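The structure appears right after this line, and notes come after that.
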Number of protein chains: 2
Amino acid sequence: MTARLHHVGIAVRDLEQARARWELALGAAAGPVEQVPEEGVRIAFIEAGQSRIELLEPLDEHGPVARFLARRGEGVHHLAFAVDDLAAALERLKAAGVQVLDEQPRVRGNGDRSIVFIHPRAMGGVLTELVEYHRQGAREG
Amino acid sequence: MTARLHHVGIAVRDLEQARARWELALGAAAGPVEQVPEEGVRIAFIEAGQSRIELLEPLDEHGPVARFLARRGEGVHHLAFAVDDLAAALERLKAAGVQVLDEQPRVRGNGDRSIVFIHPRAMGGVLTELVEYHRQGAREG
């Protein structure tokens with residue numbers, strides 16, 4: 001199966017304010033706020049059909065989302081696509097000379113998924129994440 | 001039903017080059033290139049699950065996508081969400097004082113849909129489109 005748009009990550013300065021605004025615009029309730037210290041952000045998701053909006057607020061001034069906000073201001077930070085075979089997708093990209101930020105899939109979320117980021121320069125300015133979800137509890141590397 | 005992420009519009013300088021790159025990244029074939037003179041763009045869609053990537057290349061230097069490219073460079077131009085009742089969504093936004101770019105739904109695509117844009121200032125820098133698809137052939141609005 002081809003890649004499915006999984007979520008759109010949006011960098012925001014005030015998560016509560018952004019959450020209220022997106023709830024109003026989409027007529028949907030956001031999920032709970034989660035802390036993701038390893039990424040330096042607090043996040044909240046809003047379901048939008050089979051895709052989701054991920055609101056990202058930096059926890060401090062040092063993480064990638066904080067740097068994005070300082071450089072570009074609020075806005076779309078990345079697009080994430082779910083794929084069935086991340087290793088194969090990564091090989092295809094490397095073989096074509098596409099600049100990736102991860103030479104190997106990185107395991108995330110307690111082993112429930114692996115991710116690879118493609119450099120925004122390679123995707124017309126769009127930071128692009130490919131993510132493969134593993135079976136529940138499975139830990140693959 | 002709540003809003004579904006319908007497509008992500010991406011402003012590009014070279015549609016053929018961008019199309020090839022996104023096809024590679026997503027492992028999917030893009031649809032045919034379409035001219036949309038009333039919007040000043042050539043476009044191509046790539047399916048990504050229930051959402052789509054819409055690549056937008058300006059036809060000249062005067063349209064909104066051309067101005068976006070001149071100001072911001074390539075990147076995500078807008079997010080579009082399908083809703084069931086656009087008039088109700090618009091009323092909800094106006095009642096909350098949210099700045100919209102369309103006071104009334106605009107009919108598009110030979111009457112097959114109506115759209116409203118929300119000002120990016122109201123959505124944390126994200127130009128946001130709400131779209132209601134009408135029954136095939138029905139002309140509302």
Side-chain angles (χ1 to χ4, degrees), chain A residues 1-8 10-15 17-18 20-29 46-53 55 69 72-79 81-85 88-89 92-93 95-98 100 116 118 120-128 130, chain B residues 1-8 10-15 17-18 20-29 46-53 55 69 72-79 81-85 88-89 92-93 95-98 100 116 118 120-128 130:
Chain A
M1 202 196 287
T2 57
R4 288 86 65 197
L5 184 55
H6 183 267
H7 67 263
V8 176
I10 299 178
V12 305
R13 293 208 171 85
D14 181 326
L15 186 58
Q17 196 178 348
R21 183 49 58 91
W22 280 97
E23 286 182 331
L24 179 71
L26 302 185
I46 305 179
E47 304 283 335
Q50 288 196 344
S51 301
R52 304 194 285 179
I53 298 298
L55 302 172
L69 282 169
R72 303 280 303 259
E74 293 188 314
V76 173
H77 175 263
H78 69 275
L79 302 182
F81 297 88
V83 298
D84 295 318
D85 187 339
R92 192 175 66 227
L93 290 165
V98 175
V100 292
V116 162
I118 309 174
R121 263 201 296 274
M123 303 303 300
V126 181
L127 177 60
T128 302
L130 300 180
Chain B
M1 201 194 286
T2 57
R4 289 85 66 198
L5 184 55
H6 183 268
H7 67 263
V8 177
I10 299 178
V12 304
R13 293 209 171 83
D14 182 325
L15 186 57
Q17 196 178 351
R21 183 49 58 92
W22 280 97
E23 286 182 331
L24 179 72
L26 303 185
I46 304 179
E47 304 283 336
Q50 288 195 343
S51 301
R52 304 194 285 178
I53 298 299
L55 302 172
L69 282 169
R72 305 279 304 258
E74 292 187 314
V76 174
H77 176 263
H78 69 275
L79 303 182
F81 298 88
V83 298
D84 294 319
D85 188 339
R92 192 174 69 227
L93 291 165
V98 175
V100 291
V116 162
I118 310 174
R121 263 201 295 275
M123 302 304 299
V126 180
L127 177 60
T128 301
L130 300 181

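None of these values were measured; they are calculated from a predicted model. Within every chain, numbering begins at 1; the chains are lettered A, B, ... in the order of the sequence lines, protein sequences first and strands thereafter.
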Heavy-atom contact with chain A under 4.5 Å, split by part of B:A82: neither
Answer with side chain, backbone, both or neither: which region of A:L130 has an atom nearer than 4.5 Å to a non-hydrogen atom of chain B? side chain
Looking at A:V98, A:I10, A:V83, which makes the most heavy-atom pairs under 4.5 Å with chain B? A:V98
Looking at every non-hydrogen atom in both residues, tell me the closest pair between B:G27 and A:R92 and how far apart they are. N-NH2, 3.5 Å
Between chain A and each of B:A11, B:A89, B:A3, count heavy-atom pairs under 4.5 Å; write down the option with the most. B:A3
Whatever's closer than 4.5 Å to a heavy atom in chain B on A:A88 counts as neither
So for B:L26, is it side chain, backbone, both, or neither that comes closer than 4.5 Å to the heavy atoms of chain A? both
Heavy-atom distance under 4.5 Å to chain A: side chain of B:A25, backbone, both or neither? both
Tell me, out of B:G75, B:G125, B:G124, who's got the most heavy-atom pairs with chain A below 4.5 Å. B:G124
Would you find a donor on one side and an acceptor on the other, under 3.5 Å apart, between the side chain of A:R4 and the backbone of B:Q50? no
More than 12 heavy atoms of other groups within 6.0 Å of B:R121 CZ: no
Is B:I46 close to chain A through its backbone or its side chain, or both, or neither, when contacts mean heavy atoms under 4.5 Å? neither
Which atoms of B:L24 come close to chain A, meaning under 4.5 Å heavy atom to heavy atom: side chain ones, backbone ones, both, or neither? both
Under 4.5 Å from a heavy atom of chain A, the part of B:I53 involved: side chain
So, the part of B:L79 with a heavy atom under 4.5 Å from chain A: the answer is side chain
With a 4.5 angstrom heavy-atom cut-off, is it the side chain or the backbone of B:V76 that approaches chain A, or both, or neither? both
If one checks every heavy atom of B:A28 against chain A at 4.5 Å, the contacting part turns out to be both
Measuring heavy-atom distances to chain A, does B:Q17 have an atom under 4.5 Å in its side chain, in its backbone, in both, or in neither? neither
My understanding is that only residues two or more places apart in sequence, or in another chain, count here; which of them pass salt bridge (Lys or Arg N to Asp or Glu O under 4.0 Å) with A:E74? none
